[in-house]
Amino acid sequence: MKDANCIFCKIANGEIPSRTVYEDEQFRVFLDLGPATRGHALVVPKDHYADLFAIPEDVLAKAAQTAQKVGASLKEKLQADGVNIVQNNGAAAGQTVDHFHIHIIPRYKDDGQTIGWKPGELTDAAAEEILGALSAEKK
Ligand code: 5GP
Ligand code: ZN
C-alpha cells in the first residue's frame, strides 16, 4: 500500500535518502527538514495512510510505541528538557504532507519555540451546542 506520488512513501521506503534515526519493518523515523528544534524527527509508516482517520488501529498503536521509544532516546541522548508529540490532520490543522506522521519535537529550556494555541473561553452556550451536536451524532 504505497502511493507512487507520495514523498513520505518514497522516504520511508528508502527510495529517497533521509537522515534516519530509527528503522524497522513497518516504520522509518527521520529528521525533519524544517526542524522546530534540534532533533525534531518524524515517525512515518512505510505503508501509505493519509491521516489519523485512515490508519488501522494496530499500526497506530505501533506508531505511538515507536514515538515513545524514539522520543525517550532523543530526549536522553540530546539532553532535551522535554518533548512535544504533535500530529496534524487536514490542511486546516497544519498538515502539509498527506501521509500520516507523528512529530517528535525535543524541547530545551529557553529554546524560543512556541507550539500551542491561544486559549479561548468555553461558555455555557458553546458547551451546550457542542454536546448537543455530539449527542445528535450518536443517534
Ligand atoms: P505536517 O505539517 O504535515 O504535520 O508536517 C510535515 C513535516 O514534514 C514538516 O515539518 C516538514 O518540514 C517536513 N518535510 C516536508 N518534506 C520533507 C522532506 O522531503 N524530508 C524531510 N526530512 N522532511 C520533510
Ligand atoms: Zn505515502
Side-chain angles (χ1 to χ4, degrees):
M1 292 179 284
K2 323 291 180 211
D3 178 332
N5 298 314
C6 172
I7 183 132
F8 277 11
C9 279
K10 292 184 178 136
I11 295 174
N13 291 283
E15 281 175 54
I16 293 177
S18 63
R19 267 66 175 246
T20 296
V21 298
Y22 173 85
E23 185 186 4
D24 62 25
E25 227 172 75
Q26 265 187 306
F27 296 94
R28 184 184 296 271
V29 183
F30 52 89
L31 296 181
D32 195 300
L33 270 190
T37 63
R38 173 171 169 263
H40 181 170
L42 302 169
V43 178
V44 180
K46 292 185 176 181
D47 281 330
H48 182 88
Y49 308 105
D51 60 19
L52 179 69
F53 310 109
I55 192 166
E57 264 180 27
D58 58 327
V59 186
L60 178 61
K62 283 196 182 161
Q65 287 160 6
T66 304
Q68 182 189 42
K69 184 164 59 180
V70 178
S73 164
L74 289 172
K75 182 172 185 292
E76 185 196 332
K77 292 183 180 155
L78 299 180
Q79 296 180 296
D81 301 307
V83 175
N84 286 117
I85 297 295
V86 176
Q87 202 279 310
N88 300 324
N89 299 283
Q95 184 176 13
T96 58
V97 178
D98 290 336
H99 177 129
F100 174 91
H101 52 279
I102 298 174
H103 294 258
I104 304 174
I105 306 176
R107 298 302 303 274
Y108 306 89
K109 192 174 171 298
D110 303 325
D111 63 21
Q113 273 295 354
T114 49
I115 296 165
W117 55 88
K118 286 182 292 181
E121 189 195 341
L122 183 63
T123 61
D124 289 345
E128 255 173 56
E129 181 274 317
I130 294 160
L131 294 177
L134 294 175
S135 63
E137 243 172 51
K138 273 193 219 156
K139 285 174 196 160

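Quick note: numbers below take in every heavy atom, side chains included, and nothing from hydrogens, waters or symmetry partners. Counting starts at 1 for both ligands and their atoms, in listed order.
Atom NZ of Lys62 is surrounded by 12 or fewer heavy atoms from other residues, nucleotides or ligands within 6.0 Å. Sparse packing is recorded around CD of Gln68, with 12 or fewer heavy atoms of other residues, nucleotides or ligands lying under 6.0 Å away. No more than 12 heavy-atom neighbours from other residues, nucleotides or ligands sit within 6.0 angstrom of CG on Asp124.
For atom 18 (C) of ligand 1, the nearest non-hydrogen atom from the set Thr20, Leu33, Leu31 comes from Leu33.
Between the Asp58 side chain and the Ala61 main chain, no donor and acceptor come within less than 3.5 Å of each other. Between the side chain of His101 and the backbone N or O of His99, at least one donor-acceptor pair lies under 3.5 Å.
Ligand 1 places these atoms under 4.0 Å from at least one heavy atom of Gly34: 12 (O). Residue Phe30 has at least one heavy-atom neighbour below 4.0 Å for each of these atoms of ligand 1: 21 (C), 22 (N). Near Ile11, meaning under 4.0 Å from any of its heavy atoms, are these atoms of ligand 1: 18 (C), 19 (O), 20 (N). Using a 4.0 Å cut-off to heavy atoms of His103, the atoms of ligand 1 that qualify are 1 (P), 4 (O), 5 (O), 7 (C), 10 (O). Close approach to His101 involves these atoms of ligand 1, each under 4.0 Å from a residue heavy atom: 1 (P), 3 (O), 4 (O), 5 (O), 6 (C).
The closest protein non-hydrogen atom to atom 8 (O) of ligand 1 is Phe8 CZ, 3.4 Å. With respect to atom 15 (C) of ligand 1, the closest heavy atom belonging to the protein is Val97 CG2, 4.1 Å. Atom 3 (O) of ligand 1 has Thr96 N, 2.7 Å as its closest protein atom, hydrogens excluded (heavy atom only). The protein heavy atom nearest to atom 7 (C) of ligand 1 is Asp32 OD2, 3.5 Å.
Of all the heavy atoms of Ile16, none lies under 4.0 Å from any atom of ligand 1, so neither backbone nor side chain is involved. At a heavy-atom cutoff of 4.0 Å, ligand 1 is contacted by the side chain of Asn88 but not by its backbone.
Between Gln113 and Tyr108 the shortest side-chain heavy-atom distance does not fall below 4.5 Å. Val70 has its side chain out of reach of Val43: every pair of non-hydrogen atoms, C-beta onward, lies at least 4.5 Å apart.
Within His99, the N, O or S atom lying nearest to the Zn ion (ligand 2) carries the name ND1.
Scanning all heavy atoms of the two residues, the minimum distance from Phe100 to Pro45 falls at O-CD, 3.2 Å. Between Leu78 and Gly39, the shortest heavy-atom distance links the atoms CD1-CA, 3.7 Å.
Within the 4.0 Å heavy-atom cutoff, Gly94 counts among the residues contacting ligand 1.
Under the 6.0 Å cut-off for aromatic ring centres, Phe8 and Phe30 qualify, their centroids lying closer than that.
The SG atom of Cys6 and the ND1 atom of His48 meet at the Zn ion (ligand 2) at an angle of about 110°, given to 10°.
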